[in-house]
Amino acid sequence: MKKFAWILTLIVALSLVLSACGAPAATEAPAEATEAPATEAAATEAATEAAPAEPFRVAVVMPSAINDLAFSQSMYDALMRIQEEMGGPEMFEIVYSENMFVVDDAAAAIRDYASQGYDLVIAHGSQYGSSLQEIAPDFPETSFAWGTTAETFGQPNIFAYEAASQEGGYVNGVLAATLSKSGTIGVVGPIEVGDAKLYVDGFKAGVLATNPAAVVNVNYIGSFSDVALASEAATTHISAGADVMTGSAQMVVGAIGKAEEAGALWFGTQSNQTSLAPTIVVASQVYHWEVALHEMLALIDAGTLGGQSFKADLANGGEVVEFNTDYALPDDAKALAESTIQGIIDGTITITLP
């Protein structure tokens, strides 16, 4: 990237100019020697071609594992896609700290990465906001990002990102209501905040817009990571007659397991959860954070280190509803989902949240 390549280019160029202009003439040039650039412009051009670009370095701190098929994996996958676009780790270096559910440990990792000179440090979790607010002013030359939120704290080196998760949630809700035979649908929520709450509210709105007589039972378990509690909540929903379920955060692996045992359908969010239960997962709303990250990287390269927020939604491709190709979704149901997606994008469908 141009922001980091110019220093090395200048050093090499100057050394070539000095060699050409100030060194004593040799009495006999070696047979393989090439003629030194005669001008500073030629030296600069030669250095630009020869000098490798310095990699852009990104560090990310996340609350769960990079393969959680939920929130943390959504960011990891986005960074890996960008790394591939940029030409590999030689051009785009990624390091991460996973399972940072203890906020103090996460704060220490964030500060350590900033101290090591990483160009962008991502605190991938709304629980990290207060830590970032304290740390960022100590490293004015480092860009930080965190989500899901629009809050930058007025800091010139903090970016924020969020997901309009109610949009994909609404689409999933429409499908859930269409496919449910019992008319009872269960939702396993983590904590009633952020994109998790938006998703749950959007899902419920989609169900009731499609079938006003449907019963949507919502259970927030008070944890993003407690798999056992998620399993218990799913069992309760199934006992109440739910034949379709959904949920948010990394703890849903427990709920999906119970849904699979009961033959209940599942709708995912954040990452594609098909691999957890290919026979019952119908579709997943998948976050593509690279849409926001591309904008951040362009701004950083131009000298803007923060102070802006970004939103992933269906219109900009930051959210994508991915259907499970192994699930025999009826054509009319898929057509309804696709028309709902288009309606949200073009504004003909309005999602009303509580």
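One is the number of the first residue; the rest follow in order along the sequence.
- Closest approach of V188 to A255, counting heavy atoms only: CG2-CB, 4.1 Å.
- Hydrophobic cluster membership is shared by Y220 and V207, with clusters built from Ile, Leu, Val, Met, Phe, Trp and Tyr side chains linked at under 4.5 angstrom.
- Taking CD1 of I66 as the reference point, atom CG of N99 lies at 9.5 Å (rounded to 0.5 Å).
- Taking a 6.0 Å sphere around CD of Q342, one finds it holds more than 12 heavy atoms contributed by other residues, nucleotides or ligands.
- V320 and Y199 are assigned to two separate hydrophobic clusters, defined by single-linkage of ILVMFWY side chains at heavy-atom distances under 4.5 Å.
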Tell me, with the steps shown, if I110 and W146 meet side chain to side chain contact (heavy atoms under 4.5 Å, CB included). CA-CA 11 Å; I110 292 167; W146 77 301; over 6 Å; no
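- Looking only at side-chain heavy atoms (C-beta outward), Y327 and V281 stay at 4.5 Å or farther from each other.
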Which pairs would a plain distance check flag for residues 291-300, meaning a side-chain donor or acceptor within less than 3.5 Å of a matching protein atom at least two apart in sequence or in another chain?
| unit_1 | atom_1 | unit_2 | atom_2 | d |
| --- | --- | --- | --- | --- |
| H294 | ND1 | E290 | O | 3.1 |
| H294 | NE2 | E85 | OE1 | 2.7 |

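- Distance alone, capped at 3.5 Å, is enough to place a donor-acceptor pair between the R57 side chain and the Q116 backbone.
- Of the possible polar contacts, none joining the N157 side chain to the L305 backbone as a donor-acceptor pair under 3.5 Å is found.
- Ring-plane geometry between Y76 and Y96 is classed as perpendicular, the angle between the planes exceeding 60 degrees on a 0 to 90 degree scale with a lower cut at 30.
- Considering every non-hydrogen atom in both G222 and I191, the closest pair reads C-CG1, 3.6 Å.
- Other residues, nucleotides and ligands place no more than 12 heavy atoms under 6.0 Å from the CG atom of D331.
- Note on V216 and V174: same hydrophobic cluster, where clusters join Ile, Leu, Val, Met, Phe, Trp and Tyr whose side-chain heavy atoms are under 4.5 Å apart, directly or indirectly.
- The distance from the CD atom of Q250 to the CZ atom of F224 is 7.5 Å, given to the nearest 0.5 Å.
- Of all heavy-atom pairs between V61 and A106, the closest is CG1-CB, 3.8 Å.
- Across all non-hydrogen atoms, the minimal contact from G247 to V252 is C-CG1, 3.5 Å.
- Minimum heavy-atom separation, A242 to A264: O-CB, 4.3 Å.
- A donor-acceptor distance shorter than 3.5 angstrom exists from the side chain of E319 to the backbone of S165, with no hydrogens or angles considered.
- The hydrophobic clustering, which links ILVMFWY residues whose side-chain heavy atoms are closer than 4.5 Å, places I345 and L353 together.
- Looking at D195 and E162, their side chains never come closer than 4.5 Å, going by heavy atoms from C-beta outward.
- Tracing side-chain contacts under 4.5 Å through hydrophobic residues (I, L, V, M, F, W, Y), one reaches M80 starting from V60; they form part of the same cluster.
- Atom CD in Q273 sits 6.5 Å away from atom CH2 in W266 (nearest 0.5 Å).
- Here the closest non-hydrogen pair linking N219 and A233 is ND2-CB, 3.6 Å.
- Using a 30° and 60° split on the angle between ring planes, W289 and F71 fall in the perpendicular class, above 60°.
- Remark: side-chain polar atoms of S248 are not paired, donor with acceptor, to backbone N or O of A196 under 3.5 angstrom.
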Check the pair Q166, D201 against side chain to side chain contact (heavy atoms under 4.5 Å, CB included), reporting the backbone distance first and the verdict last. CA-CA 7 Å; Q166 74 275 11; D201 290 346; 5.9 Å; no
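- In this structure a side-chain-to-backbone donor-acceptor pair under 3.5 Å is missing from N211 to A177.
- For the residue pair E98 and N67, no side-chain donor N or O sits within less than 3.5 Å of a side-chain acceptor on the partner.
- The closest donor-acceptor contact from the side chain of N172 to the backbone of G268 lies under 3.5 Å.
- Between the side chain of S182 and the backbone N or O of T184 there is at least one donor-acceptor pair closer than 3.5 Å.
- No side-chain heavy atom of D332 sits less than 4.5 Å from a side-chain heavy atom of T178.
- Residue E134 places its CD atom among 12 or fewer non-hydrogen atoms of other residues, nucleotides or ligands, all under 6.0 Å distant.
- Using a 4.5 Å heavy-atom cutoff, the side chains of L69 and V253 are not in contact.
- To the nearest 0.5 Å, atom OG1 of residue T274 and atom CG of residue N324 are 4.0 Å apart.
- Proximity of I238 to M245: side-chain heavy atoms (C-beta onward) are separated by under 4.5 Å at one or more points.
- With contacts defined as side-chain heavy-atom distances shorter than 4.5 Å, the pair L265/L175 does not qualify.
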Take T269 and F203, measure what side chain to side chain contact (heavy atoms under 4.5 Å, CB included) needs, and give me the verdict at the end. CA-CA 11 Å; T269 188; F203 180 87; over 6 Å; no
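- Here the side chains of L132 and V121 are not in contact, with every heavy-atom distance at 4.5 Å or above.
- Within a 6.0 Å sphere centred on CZ of F101, other residues, nucleotides and ligands contribute 12 heavy atoms or fewer.
- Side-chain contact between V171 and Q285 is absent, with no heavy atoms from C-beta onward closer than 4.5 Å.
- Here CD of E167 is found 12.0 Å from OG1 of T340. Values are rounded to the nearest 0.5 Å.
- Atom CD of E151 sits about 12.5 Å away from atom OG of S126, to the nearest 0.5 Å.
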Report the C-alpha separation of V58 and F92 in whole Å, then their side-chain angles, then the decisive distance to 0.1 Å, and conclude whether the side chain to side chain contact (heavy atoms under 4.5 Å, CB included) test is met. CA-CA 8 Å; V58 179; F92 193 80; 3.6 Å; yes
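- The aromatic rings of H124 and Y161 sit parallel, their planes meeting at an angle under 30°, below the 60° perpendicular limit.
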